[in-house]
Protein chains: 2
Amino acid sequence: MKIEALTKTDNIALRNDIISKIRNHINHKNLEPGEKLPSERMLSEKFGVSRSTIREAIQTLEFYGLLESIPQSGTFVAQLGVTALNGMITEILSLEEPDFKSLVETRILLELKTVRLAAQRRTEEQLIHLKQALDAYTEKVLLGEDAVQEDLLFHLAIAKASGNSSLNTLMLIITPEIITNFAKYHVCDDDQTFVGIEEHKAIYEAIKDREVQKSKELMKVHFKNLYKYCYNVDL
Amino acid sequence: MKIEALTKTDNIALRNDIISKIRNHINHKNLEPGEKLPSERMLSEKFGVSRSTIREAIQTLEFYGLLESIPQSGTFVAQLGVTALNGMITEILSLEEPDFKSLVETRILLELKTVRLAAQRRTEEQLIHLKQALDAYTEKVLLGEDAVQEDLLFHLAIAKASGNSSLNTLMLIITPEIITNFAKYHVCDDDQTFVGIEEHKAIYEAIKDREVQKSKELMKVHFKNLYKYCYNVDL
DNA sequence: TTAACCAATCTGGTAAACCAGTTTAATGTC
DNA sequence: GACATTAAACTGGTTTACCAGATTGGTTAA
């Protein structure tokens, strides 16, 4: 088991090492925004690793919007200068796994915003989608089954209805980790879920009626138990 | 130029297609949390593409925490059930490029939180780092040079000082796109930056003195122009 | 001199072969 | 028949080879 973990860690360490070397190269050559990086083959040779490894590192930096690969042409640095690039890569390399408390804290922040925006901006189509998610959740709970997934999907539907693509993306990024931790710590084993039905329904109604402030207050109540629970248990 | 874009789009389309097919497979086989996906070779053959393509798709899903690859063992679905997985992949596939307004809206939300947390939790070491970032920014402005990068690095330092790894990660994700859009729309060409020095300095002092509410108010002021500017220009 | 064209070269993307652990199942022993 | 052993098959990771489009530099025709 520990060998597996070590191997996995090694892989990440290797990729981070390459990312670091790419950063050094950009610094050393003072690559300006839009300039071209050496080809994958060159970097591969220069760093003594295979193209796959280089490509993985580039893909990671591409995800953060620091590089952009164009087929049959090259890999280019984004429209941000050496300083920002350097600082950001350093930060990315030092990123740590988010702890449960951070996740919950962030989720609450994001959702108190998405629910307000949803109440303001939701379209009829999004409202239907919300209703479907709500019904799926309710049905699951009434069957006495675990409904964590349907719960989170309803919240994701709210994020989508917020009309803010950025917030929607961020919610998608943190949600799986939230669910995983819920499962790990058995946060949702108790029968609070019946209360959850009413709370969800109320939030839905508020969004439907475009009651911005009320929707936020309802969400706050909805999160109160969770917030308290997590801080008591984990802090 | 448009051919380049098309090629790029095709690549993304291909990867998304594979992701979609993986989702279908998981649905069809009703893979429970922790269960193993078919090997990359099997999927490669099943979908009629190479392992590289499969691996890229898996890597994307790994980033969102939906799958996990373990060397010499297999790829496993995360600790979330079919329903959540299905819903999330659907959402991921339909993700759209964030617009500038969404980015700004999100940034303001995140930073009004990070600055408060930083004022509460910052360590002495983080304070030093903040000071360095502030000085770098000030120096650049006084030289009359463009200081967008140093500006954002200061804000990232605040995010790091918030002690919330999750918020820090999210800030890192949206920052490059913010900078890119700043450059594209020439938001920061005017000499507002001299005002920026004072505002940054004030925020730093508030964090230093652990004045939570004040730090938030100062950040609000700092963002007021930007918020207004963006909405006026882009909306 | 200039502009158009063409072929050699270079690019990222894709596919196929290879590697080192892991898993599994068959085989041999007690 | 139960268990230990061992070898073959299977895994994700890595390396190498190949592809088609883009770039580039020189050559040629106007």
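Chain A is the first sequence line, chain B the second, and so forth, proteins listed ahead of strands; every chain is numbered from 1.
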Peer 1: Does anything in residues 148-167 of chain A pair up under ring-ring contact (aromatic ring centres under 6.0 Å, His included), and if so which pairs, sequence neighbours excluded?
Peer 2: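 For residues 148-167 of chain A: A:Phe154-A:His200, A:His155-A:His200, A:His155-A:His222, A:His155-A:Phe223.
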Peer 1: In residues 49-56 of chain B, which residues come under 4.0 Å of DNA chain C by heavy atom?
Peer 2: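 Close to the strand are B:Val49, B:Ser50, B:Arg51, B:Ser52, B:Thr53.
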Peer 1: Would you mind listing every side-chain hydrogen bond (donor to acceptor under 3.5 Å, both in side chains) that reaches into residues 20-34 of chain B, with sequence neighbours excluded?
Peer 2: B:Asp17-B:Lys21, B:Ser20-B:Arg23, B:Arg23-B:Thr90, B:Asn27-B:Asn86
Peer 1: Whole Å only: how far is the CD atom of A:Glu62 from the C1' atom of C:dG12?
Peer 2: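 Going from CD in A:Glu62 over to C1' in C:dG12 covers 10 Å.
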Peer 1: Whole Å only: how far is the CD1 atom of B:Ile70 from the C1' atom of D:dG12?
Peer 2: 11 Å
Peer 1: Please list every donor-acceptor pair under 3.5 Å in which a side-chain atom of residues 167-175 of chain B meets a protein atom from a residue at least two apart or in another chain.
Peer 2:
unit_1, atom_1, unit_2, atom_2, d
B:Thr169, OG1, B:Ser165, O, 2.9
B:Thr175, OG1, B:Met171, O, 2.6

Peer 1: Between A:Gln72 (CD) and D:dT23 (P), how many Å, whole number?
Peer 2: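 One finds 9 Å between P of D:dT23 and CD of A:Gln72, rounded.
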Peer 1: Got a sec, which residues hit side chain to side chain contact (heavy atoms under 4.5 Å, CB included) with A:Gln149, two or more places apart in sequence or on another chain?
Peer 2: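 By the side chain to side chain contact (heavy atoms under 4.5 Å, CB included) rule, A:Gln149 matches B:Thr83, B:Ala84.
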Peer 1: Among residues two or more places apart or on two chains, list those pairs meeting ring-ring contact (aromatic ring centres under 6.0 Å, His included) that have a residue in residues 61-85 of chain A.
Peer 2: A:Phe63-B:Phe63
Peer 1: Please determine whether a side-chain nitrogen or oxygen atom of A:Thr75 lies at a distance below 4.0 Å from atom OP1 or OP2 of C:dG12.
Peer 2: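 It does, given that an N or O in the side chain of A:Thr75 lies less than 4.0 Å from OP1 or OP2 of C:dG12.
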Peer 1: Hey, what do you get for CD (B:Gln132) to CD (B:Glu150), rounding to the nearest 0.5 Å?
Peer 2: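 CD of B:Glu150 is found 13.5 Å from CD of B:Gln132.
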Peer 1: Can you name the salt bridge (charged side-chain N to carboxylate O under 4.0 Å, His left out) partners of B:Arg41, sequence neighbours left out?
Peer 2: none
Peer 1: Rounding to a whole Å, what distance do you find between A:Asp17:CG and D:dT14:C1'?
Peer 2: 16 Å
Peer 1: In whole angstrom, give the distance that lies between atom CD of A:Gln59 and atom P of D:dT14.
Peer 2: 14 Å
Peer 1: In this structure, how many angstroms lie between the P atom of D:dT11 and the CD atom of B:Glu68, rounded?
Peer 2: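 Atom CD in B:Glu68 sits about 18 Å away from atom P in D:dT11.
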Peer 1: Please identify each residue that fulfils side chain to side chain contact (heavy atoms under 4.5 Å, CB included) with A:Ser44, with sequence neighbours left out.
Peer 2: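 Once residues adjacent in sequence are excluded, the partners of A:Ser44 under the side chain to side chain contact (heavy atoms under 4.5 Å, CB included) criterion are A:Arg51, A:Ile54.
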Peer 1: Contacts to DNA chain C from residues 30-43 of chain A, heavy-atom cutoff under 4.0 Å, which residues?
Peer 2: A:Ser39, A:Glu40, A:Arg41
